[in-house]
2 protein chains.
Amino acid sequence: MAIDHLDGRLIVLLAREPRIGVLEASRRLGVARGTVQARLDRLRSQGVIRGFGPEVDPAALGYPVTAFATLEIKQGQGADVRAHLTTVPEVLELHTTTGHGDMLCRLVARSNADLQRVIDRVVGFEGIVRASTAIVMENPVPLRIIPLVEQAAGDTEGC
Amino acid sequence: MAIDHLDGRLIVLLAREPRIGVLEASRRLGVARGTVQARLDRLRSQGVIRGFGPEVDPAALGYPVTAFATLEIKQGQGADVRAHLTTVPEVLELHTTTGHGDMLCRLVARSNADLQRVIDRVVGFEGIVRASTAIVMENPVPLRIIPLVEQAAGDTEGC
DNA sequence: AGTAGCACTATGCATATTGCCCAGTGATGT
DNA sequence: ACATCACTGGGCAATATGCATAGTGCTACT
């Protein structure tokens, strides 16, 4: 179910130096190439590793402003709102949540002024009752997974 | 500053089929290998593409519960809180924001019960005044970048 | 006009990597 | 004792990579 220590080391290695291939990884980890190959295949088929897509920085694309919007949805309009938000390119992520709001979405925009346009487009839809937005100022911890992988790998055995 | 249409097609292609190499990409895009090579180098040096790290699914690692916590910080304790949260593996992401709270962080946990442990660890730190947590139920739009890339690429020229 | 700079094409070549095969070994469970 | 499984270590053909070259069309500058 979880991953073992070698899996963890492999994932961390790939996260740190994505350009290395299977052969180089096997050298670094001190195991045979076939082992790395098999581990990778298993991790992918188990869904632990979803893929190796490029990580794109929205800021470098011209969208330096990030914000999180909490949306309150009119009863029974959830599906329509989801469909609507999916069509907005600036909506990078959408979750339905418990708590004060009903949905939380991550937005990007070209500027603070442009954010207004994005928000207007997001909330300009029947079914959204209220929206409250928090603009991101700093991002002290960018999306990371390595510490979690290390914990998950370490739990299983003691190295 | 932004990216052109070929850049956009390249990024989308790589996002859809990450395992293809430079050579195969050049065939798909109908351009020379050197061109793809040069574009990739430029995109990486410009920071548009941060890397090709593996996308790991926390759920498959044994952390199926995701939550967002809004934290209110005592004046002047920001740096300490950041340092503290960095040490918690279950904190996948941390932002400082405008609005009601001062920080927003993304958490994962092994279960709803385990989430309590994580939150206790997160807020068990002088400097955090108040925390409100929203548990993610569904994720209709997983983190995506393709629509934004297409928009950014399309803006520049009309194909 | 003339020219320099730039991006792209097209090609070649040595080296490295991949995918696939196999036989052997040690640990585990029946 | 025996089957199963993961790992090792090796070999092989096919492929991809990094690097270099020369030619072409376009743009910008003088």
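Lettering of chains follows the sequences in order, A, B, ..., and the numbering in each one begins at 1.
Among the atoms of the strands shown, none is found under 4.0 Å from any heavy atom of A:Arg42. Contact annotation for A:Gln37: backbone-only contact, meaning every heavy-atom pair under 4.0 Å involves sugar-phosphate atoms and none involves a base. No engagement by A:Gly34 is indicated, since no non-hydrogen atom pair under 4.0 Å with the nucleic acid exists. Residue contacts for A:Arg39: at a heavy-atom cut-off of 4.0 Å it reaches the sugar-phosphate backbone alone, with no base atom in range.
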**Message:** Using the rule given for side-chain contact (heavy atoms from CB on, under 4.5 Å), can you reason through B:Leu13 versus B:Glu17, listing the C-alpha separation, both sets of side-chain angles and the distance that settles it, and then say yes or no?
**Reply:** CA-CA 6 Å; B:Leu13 178 62; B:Glu17 305 179 55; 4.3 Å; yes
**Verdict with reasoning, B:Thr133 to B:Phe68, per side-chain contact (heavy atoms from CB on, under 4.5 Å)** = CA-CA 6 Å; B:Thr133 309; B:Phe68 286 91; over 6 Å; no
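Across the protein-nucleic acid pair, B:Glu24 atom CD and C:dG19 atom C1' stand 16 Å apart, rounded to whole Å. Rounded to a whole Å, the CG atom of B:Asp4 is 14 Å from the C1' atom of C:dC6. Across the protein-nucleic acid pair, A:Asp41 atom CG and D:dC7 atom P stand 12 Å apart, rounded to whole Å. B:Arg19 has its CZ atom 15 Å from the C1' atom of D:dT17, to the nearest Å. Rounded to whole Å, atom P of C:dT18 lies 16 Å from atom CD1 of B:Ile20. Atom-to-atom, CG of B:Leu40 to P of C:dC8 comes out at 12 Å; the value is rounded to the nearest Å. Regarding B:Leu6, its CG atom lies at a distance of 8 Å from the P atom of C:dT9, rounded to whole Å. Residue B:Leu10 contributes atom CG, which lies 16 Å from atom P of C:dA7 at whole-angstrom precision.
Each of C:dT17, D:dA16, C:dC8 was ranked by its minimum atom distance to the side chain of B:Leu23; first place goes to D:dA16.
Contact annotation: side chain of B:Arg33 to base of D:dG18, donor-acceptor pair present below 3.5 Å.
The closest side-chain heavy-atom distance from A:Asp7 to A:Leu43 is below 4.5 Å.
Placement of B:Leu14 and A:Phe52 within a single hydrophobic cluster is found when ILVMFWY residues are connected by side-chain heavy-atom separations under 4.5 Å, directly or transitively.
For the pair A:Arg110 and A:Tyr63, the cation-pi test (distance below 6.0 Å, angle within 45°) is passed.
Under 4.0 angstrom from either OP1 or OP2 of D:dA6 there lies no side-chain N or O belonging to A:Thr35. Within the structure, a side-chain polar atom (N or O) of A:Arg27 is placed less than 4.0 Å from OP1 or OP2 of C:dT17.
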